[in-house]
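Step one of this worksheet: look at the structure below.
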Amino acid sequence: MNGKLSNIGKWVLAVLAIITVALAVYFYMDLGSDSRTSIILNWGYILIILGIVIALLSVIISGVVKGINGKKILFAIGAIVVIGVVAFIMSKGSFDIPYQAGETLYSGKTHGLVEFGLDFFYVTLGVSILCILYSVIKSGK
């Protein structure tokens, strides 16, 4: 079963790559269409959603195939929640700051969500670096 899933994953990745390359070529061709930017942005949103869905499905499928370890899953979910809370606390003040881009005044909510996403990334990066250092020191190699 694992071999079949691997082959399916390769084909899905190949199809997504072909679509992405085709849209990139279309984006850089000047055909007089003003919708090129929205098409490529929408495709980016679709890829992000597909990535999240595939990540969740791979965990579920691997849990079914290999057996579910409840402690590890709860630890992982807890770690994600803690990182999310830390990132939210770090970006809390940004939700009250409106900002202006050209003639448009945006709400602080948009600014806060962008700041939250960046802080979530930074905290995750820091935690992953600490985990790598810990595993290298612990293994003694």
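Under the 4.5 Å side-chain contact rule for hydrophobic residues, Tyr28 and Ile40 share a cluster. Using a 4.5 Å cut-off between side-chain heavy atoms of Ile, Leu, Val, Met, Phe, Trp and Tyr, with links allowed through other members, Ile54 and Leu47 fall into different hydrophobic clusters.
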Quiz: residues 11-24 side-chain donor-acceptor pairs under 3.5 angstrom, not counting sequence neighbours:
unit_1	atom_1	unit_2	atom_2	d
Thr20	OG1	Leu16	O	2.8
Thr20	OG1	Trp43	NE1	2.9

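The two residues Phe116 and Gly84 come nearest to each other via the heavy atoms CE1-O, 3.3 Å.
Counting only residues at least two apart or in different chains, side chain to side chain donor-acceptor pair (under 3.5 Å) contacts with residues 47-56 are absent.
Put simply, CG on Leu130 and CG on Leu125 are 9.5 Å apart, with the number rounded to the nearest 0.5 Å.
Residues meeting the side-chain contact (heavy atoms from CB on, under 4.5 Å) test with Tyr122, sequence neighbours left out: Leu118, Asp119.
The environment of CZ in Phe27 is crowded: more than 12 heavy-atom neighbours from other residues, nucleotides or ligands sit within 6.0 Å.
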